Amino acid sequence: MFLCCWLALGALIPATFSINPGVKVELTRKGLEYGRQLGMVSIQRKLKTIKIPDFSGSQSVAHIGKVRYSLSDMQIDNVQLPQSAVDLVPGNGVRLSISNAFISLHGNWRVKYLKIIKDSGSFDLKVSGLTITTTIATKSDETGRPVVSSVNCSATVNSATIKFHHGASWLYNLFKKFISKALRKAMEKKGEFYNIGKHQEPPFSPTAFSMPPEINNMLYIGLSAFTTNSAAFVYNKAGALSLYITDDMLPKSSPIRLNTRTFGIVIPQIAKLFPGLMMKLLVKTVKTPIITFEPSNVTVQATASVTAYAIQPNGTLTPLFVLNLDSSVSAQVFVSGMRLAGTVTLNNMELTLGTSYVGEFQVKALYSIFQMVLKVVVLPKLNAQLAKGYPLPTLGKMKLVNTQLQVLKDYMLIGTDVQFKD
Ligand SMILES: *[C@@H]1O[C@H](CO)[C@@H](O)[C@H](O)[C@H]1NC(C)=O
Ligand SMILES: *[C@@H]1O[C@H](CO)[C@@H](O)[C@H](O)[C@H]1NC(C)=O
Ligand SMILES: *[C@@H]1O[C@H](CO)[C@@H](O)[C@H](O)[C@H]1NC(C)=O
């Protein structure tokens, strides 16, 4: 029946689902209560704007014969929803119950009988003791993600009374009972089963993780290592993890410069073969960085190649050597606005020789140069990128407040209260 569908769709669904692979969202009792309050405000507002279809029929009346009637232009003018409750039902559904509701509406009536006699006026209908129960059920689809499987709704009406204005009183007295009954029936008609879409995304296999029973915040969002690793994968595929480093990116005060003179101190062949040239480095991840979550510790293992070039006077880049750089960084992760952001600091790094075009040399001797390059150029660049953040699942115009983030084994848990803006 008409009341049910938007009731179910209007307020509650957005607060229950918005799922990415490897992301779990759990609503607590506190969250449900907040959802109920919001839902009731929106239901009350929507009820007043609802369009009620015109209603017509005919009825045989003793001594008169067939009387045709119609009710039109019905408009809800008062809604009272004194009692409501939201519950989680077994099988991961959400149930909204409204009881003792009162709705009144105003409309126009029109009758025609004995072929030529017409009469019309207005009426007021009061529906009281209205009980509406809506259940939004969820199930897992083939990829393990929750989808809305059905919206089921029932309504019962305790009493519906109608008062006609204008017209012949014998007539509306005759009709009052009949029309009240018909309207009541129409309102109680069963809600249907709805199949609300289905996620058509490719299958995935996030690491299973279960969220601890938390209750202090309204909403808990779990992000598995899978999610952050797939974000890293996407960044890596997009080529976002490669960086050219030139001398102007080093601090002016640094005695270490990207030129063949500085590198010539450690590798004399460079100074000899390419005197007086500036240099350029290309740092490129060769594998997708691996992100691991341990309690209170996010670690990123990255393997990169570093190619050093001499810049010839005509602009040609002449490769000097390629190093393998394995590094481990620790990440501090936090929620900023609706995004998950972070900063990283270097734990340790290892350098090994990939290829040399300038003969043999001691890689160890380059360690402090590259540590400086990582600390003053690469990590600040990465941090600027990380500060932009990774979008959290958003549920409409939601603002997060009282947000806390914990790093646990294999996942991050964000507990938050939410505020919805109109
Ligand atoms: C509606 O939901 C209730 C509670 O889950 C259930 O008992 C009832 O059978 C459902 N009705 C339909 C038509 O599925
Ligand atoms: C986090 O773990 C890594 C790897 O086990 C370790 O190197 C690092 O020191 C740890 N950081 C903190 C803050 O415990
Ligand atoms: C640029 O200069 C280098 C070194 O002198 C030379 O080997 C190369 O052929 C030059 N390239 C072009 C395009 O002129």
Side-chain angles (χ1 to χ4, degrees), residues 10-39 41-42 145-146 199 201 206 209 211-212 214-238 240-241 243 289 291-293 295-300 302 329-345 378-408 410-422:
L12 283 168
I13 284 180
T16 323
F17 323 95
S18 174
I19 308 292
N20 292 331
V23 179
K24 277 190 185 174
V25 178
E26 265 180 27
L27 210 55
T28 60
R29 162 102 336 246
K30 186 179 174 189
L32 280 177
E33 174 56 22
Y34 180 63
R36 184 191 65 80
Q37 288 169 17
L38 287 179
V41 169
S42 117
R145 298 171 58 163
H199 293 284
E201 283 159 42
F209 68 99
M211 312 237 280
E214 299 273 355
I215 50 163
N216 291 334
N217 286 117
M218 292 180 188
L219 188 71
Y220 287 87
I221 302 170
L223 291 174
S224 75
F226 167 84
T227 303
T228 46
N229 277 319
S230 53
F233 176 77
V234 171
Y235 274 124
N236 199 45
K237 283 279 176 238
L241 302 180
L243 178 67
I291 301 165
T292 47
F293 295 152
S296 303
N297 188 347
V298 178
T299 307
V300 185
V329 299
S330 273
Q332 283 72 50
V333 189
F334 49 90
V335 174
S336 158
M338 287 304 301
R339 291 174 165 261
L340 188 66
T343 56
V344 294
T345 48
V378 180
L379 293 189
K381 288 254 175 218
L382 192 57
N383 282 334
Q385 198 63 34
L386 288 172
K388 292 181 189 165
Y390 175 80
L392 289 170
T394 56
L395 320 170
K397 286 184 192 163
M398 188 171 95
K399 206 177 124 194
L400 303 183
V401 289
N402 304 327
T403 307
Q404 278 132 45
L405 185 146
Q406 296 174 63
V407 177
L408 300 160
D410 293 331
Y411 72 103
M412 264 186 285
L413 184 65
I414 299 162
T416 188
D417 288 345
V418 298
Q419 275 173 6
F420 285 91
K421 289 170 282 178
D422 276 321

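Along the sequence shown, residues carry numbers from 1. None of these values were measured; they are calculated from a predicted model.
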query = Can you find a heavy atom in the side chain of V333 that is under 4.5 Å from one in the side chain of L405?
reply = yes
message = For a 4.5 angstrom cut-off between non-hydrogen side-chain atoms, does T416 reach V335?
response = no
message = Within the 4.5 Å heavy-atom criterion, are S330 and T345 side-chain neighbours or not?
response = yes
task = Measure the spacing between CD of Q406 and CZ of F293 and express it to the nearest 0.5 Å.
result = 13.0 Å
ask   = To the nearest 0.5 Å, how far apart are CG in L243 and CD in Q385?
value = 10.5 Å
message = Using a 3.5 Å distance criterion without hydrogens, assess whether the side chain of Y411 forms a donor-acceptor pair with backbone atoms of L408.
response = no
query = Any side-chain heavy atom of T292 within less than 4.5 Å of one from V298?
reply = no
ask   = Do the non-hydrogen side-chain atoms of S296 and V407 ever get within less than 4.5 Å of each other?
value = no
Backbone N/O of V344 and side chain of N383: donor-acceptor pair under 3.5 Å = yes
key: Neighbour count >12 (heavy atoms, 6.0 Å) for atom NZ, K381   = no
ask   = Roughly how far apart are S336 OG and L400 CG, rounded to 0.5 Å?
value = 10.5 Å
query = Can you name the nearest heavy-atom pair linking K30 to N216, along with the distance?
reply = NZ-O, 3.2 Å
query = Any side-chain heavy atom of L340 sitting closer than 4.5 Å to one from I414?
reply = yes
ask   = When you measure from the side chain of D417 to the backbone N and O of N217, does any donor-acceptor pair fall under 3.5 Å?
value = no
